[in-house]
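Each ligand, and each atom within it, is numbered from 1 in the order the structure gives.
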Amino acid sequence: MKRTILSTLALATCFCCLSTIIFGVAEAGTGPEVQRHSLPSRRDKVRLRGELGTRYNAATCNLLTRTDRYSLDSLKASADGREGALWWDWPGDQIGRWFAVLDVAEGYGWSQAAWQRAAAADVILPLQKKDGHFGPPNVLKSEDIRIPSGNAFAMSGLMEAYRDTGDARFLKAARRSARYFETIAPRWETKGPRGMLHEFYGHCIDGLVALYEEGGDHDQWALDLAERLAARAGRTAHTHHSLSLCRGLIDLARVTGRREYLDRALDYVKWCRRNQLVTGGLPETMPASAQDEGCGLADWIVVNLKMYELTGEDRFVDDAEHMLVNHFFMNQFHTGGFGHLSFDQRIVGGKNWQGWNGRFGSENPGCCSFWGQWALGQAGRYIVTQDADTVYVNLYPEADVVLPDHRAVVRIDSDFPRMSRATVTVRTAEPTRFALSLRVPRWADRVLIDFPGKRIERTPDEGRIALLHTWTGETPVAIEFISSPRLVAWPPKKPLGVAMFDGPLCLGLSSDAADVKLPWTVMLDEDGTPALDAQGRPQVVDPSGDHVQPLFPIAADWLVPDTKNPRRYRVLFESPAKP
Ligand SMILES: [Zn+2]
C-alpha cells in the first residue's frame with residue numbers, strides 16, 4: 001500500500017505520543033516490563049449477534065429505554081447525594097455508570113446515546129461541588145466511605161464521556177474530581193486492613209490513570225497519585241470494588257510499563273480463584289458471603305480480559321469465558337438486568353437481598369444492571385484482538401469484527417455458548433497477509449480445524465493454532481470443539497461433590513423441576529461415563545432411587561420471569577456409585 005508523506009508524518013507523530021504515554025514513566029535506558037500483547041477491537045468495529053448480542057441488547061434496553069427509572073432528575077439526585085436516585089447515598093455513582101453505559105452503547109450503535117449524554121451533562125456538571133466531588137457540600141472530613149466510592153465511578157465515567165466527545169467540560173470536571181481524591185487521600189489510603197488502600201476509595205485509580213492518559217504532562221500529578229495509592233493495594237474484602245481497583249492497577253501497569261502493578265492485580269485474581277464456585281461465581285465479599293453480586297462478576301470478566309491484553313496468556317480468557325457463560329449469564333434476569341443470588345458451593349441461585357422493599361426482586365438496578373451491560377459490551381471488544389501481524393480469535397460468540405489495519409472482516413458463526421462448533425470466515429476486498437490465531441479452550445478435549453486444503457488437530461496443552469496465510473476473497477475456517485460430558489470434583493482441594501459440565505457449560509438441577517435440597521447422584525453407564533437420556537442429557541437420581549431428572553445449563557432459562565423469587569440450581573452432586 002502506498003503511503004503519502006503526510007500520513008507517514010501523521011503516523012510518526014502518533015507514535016511519539018503513544019511512546020510517551022506507554023513508556024513515558026519507565027526509567028531511562030530500561031524498557032517497559034509490561035507491554036500490550038494485542039489490542040482489543042473498537043466497539044464500533046464489532047457487531048454482536050446470537051446469544052451474546054441478545055443478552056447485550058436486553059441489558060442495554062433495560063437501562064436506556066427506562067427513562068422512568070433513570071430520569072434526568074435521578075441523575076441530579078445522584079449528583080447532589082439526595083433521595084431520588086436508586087443509590088443516591090453513593091453520590092456520583094449513577095452518573096459514572098450512566099456515562100460508562102452510554103460509552104458502550106454508542107460504540108455498538110445506540111443512536112440516542114450522544115443526545116442522552118449531552119442532556120445528562122447539562123444537568124449534572126453544574127452540580128459538582130467546589131471541592132471537586134459530587135454529593136453534599138463540605139465532606140472532605142467525612143468518614144462516609146460511600147462518598148468517595150460513588151465519586152470514583154463518577155470520575156471514571158467523566159473520562160469515558162471525554163474520550164467519547166472531546167468536550168473539555170468533561171476533562172475539566174474529571175480533573176476537579178481527581179483533586180478531590182488527592183485531598184482526601186490521607187484519610188483513606190491506609191484505611192484498609194493492615195494499612196492497605198481502602199478498596200472503596202482505591203478504585204479511583206482507573207480514573208486517575210485515564211486523566212493522565214488524556215491530559216498528558218499537565219496531569220502527571222494524577223499518575224503520581226495513582227502510583228502512590230497502588231503501592232498499598234492488597235487483598236481487600238469487597239469483591240466488586242477490589243476488582244474495580246484491579247482494573248486501575250492493570251491500566252497503571254500498561255501506562256507505566258511496570259510489572260509490580262500487574263502482579264498486585266494478579267495476586268487478587270489468585271485469591272478470587274481460590275474462592276470461586278464451580279460455576280465461576282464469586283462472593284459479594286471475599287472470601288465468603290451469602291450472596292454474589294452482578295458487579296463483581298462483571299468486573300471479574302473485564303479484569304481477566306485486560307490481563308490477557310497485557311500478557312497474552314489464554315488462562316485469563318478461559319477464566320473470563322467460564323464466568324461469562326455460566327455464573328454471569330445465570331445472574332442475568334429476564335429484564336436484562338443483573339443482581340444478587342444466593343451463594344453456596346452446592347446450590348446456586350435463589351432469593352437473598354432484595355432492596356427497595358422488593359420492588360425489583362433480586363435485580364439490583366442501582367449498580368449491577370449497569371455493570372452487567374458494561375461488561376457484556378467490554379467482552380465484545382475482546383472476541384477478536386490484533387497486533388501488526390496477527391489477528392487473535394479469543395472468544396467464539398456470533399459476531400462480525402471489522403479489522404481496518406488488516407483490511408479484513410472476521411465473521412464468527414457458532415452455537416455459542418455451547419460451542420460445539422464455530423466457523424470463522426475471513427473476508428477481504430484485496431489480498432492481505434496475517435496470521436489468524438485461534439484459541440483452543442481449556443474445556444475442550446481437542447479441536448479440529450478445517451482450513452481449505454488442511455485439517456489440523458490440536459489439544460489445549462498444545463496451545464493456539466496460528467494460520468499464516470494470504471487471505472483473499474472469502475475464506476471459511478471451520479472449527480469443531482470435541483468434548484464429552486465430564487465430571488469435575490469441587491472444590492478441588494476438599495471436594496463437596498461433583499459438578500457436571502457439557503463443553504464449557506455447567507449443568508444443574510433446577511428447583512422448578514425437583515427438590516434441590518436432596519443429595520442427588522449422577523448416573524453412570526456401565527462403561528463409567530455419564531448416562532444420557534434420549535435427548536443426550538446427563539441425568540441424576542434422588543436418594544430414593546425412584547426419581548430421575550435430566551440436567552441442563554444453569555444459564556439456559558434466563559428469560560423465565562422469576563426476578564421476585566429466582567430459581568435455585570443444584571450444581572454439586574454425589575459421586576456416582578459404579579453400576
Ligand atoms: Zn452491584
Problem set entry | For H327 against G280, the heavy-atom pair lying closest together | CB-C, 4.2 Å
Exercise. Aromatic rings W353 and W356: how do their planes relate, parallel, tilted or perpendicular, breaks at 30° and 60°?
Worked result: perpendicular
For this session: May I have the angle between C367 SG and E293 OE2 with its vertex at the Zn ion (ligand 1), rounded to 10°?
Result: 110°
For this session: Could you please compute the angle at the Zn ion (ligand 1) from SG of C368 to SG of C295, rounded to 10°?
Result: 110°
Problem set entry | Residue pair T385 / E309, side-chain donor-acceptor N/O under 3.5 Å | no
Exercise. How about H240: does one of its N, O or S atoms come closer than 2.8 Å to the Zn ion (ligand 1)?
Worked result: no
Problem set entry | Whether H340 has an N, O or S atom under 2.8 Å from the Zn ion (ligand 1) | no
Problem set entry | Centroid-centroid distance, F170 to F99, less than 6.0 Å | yes
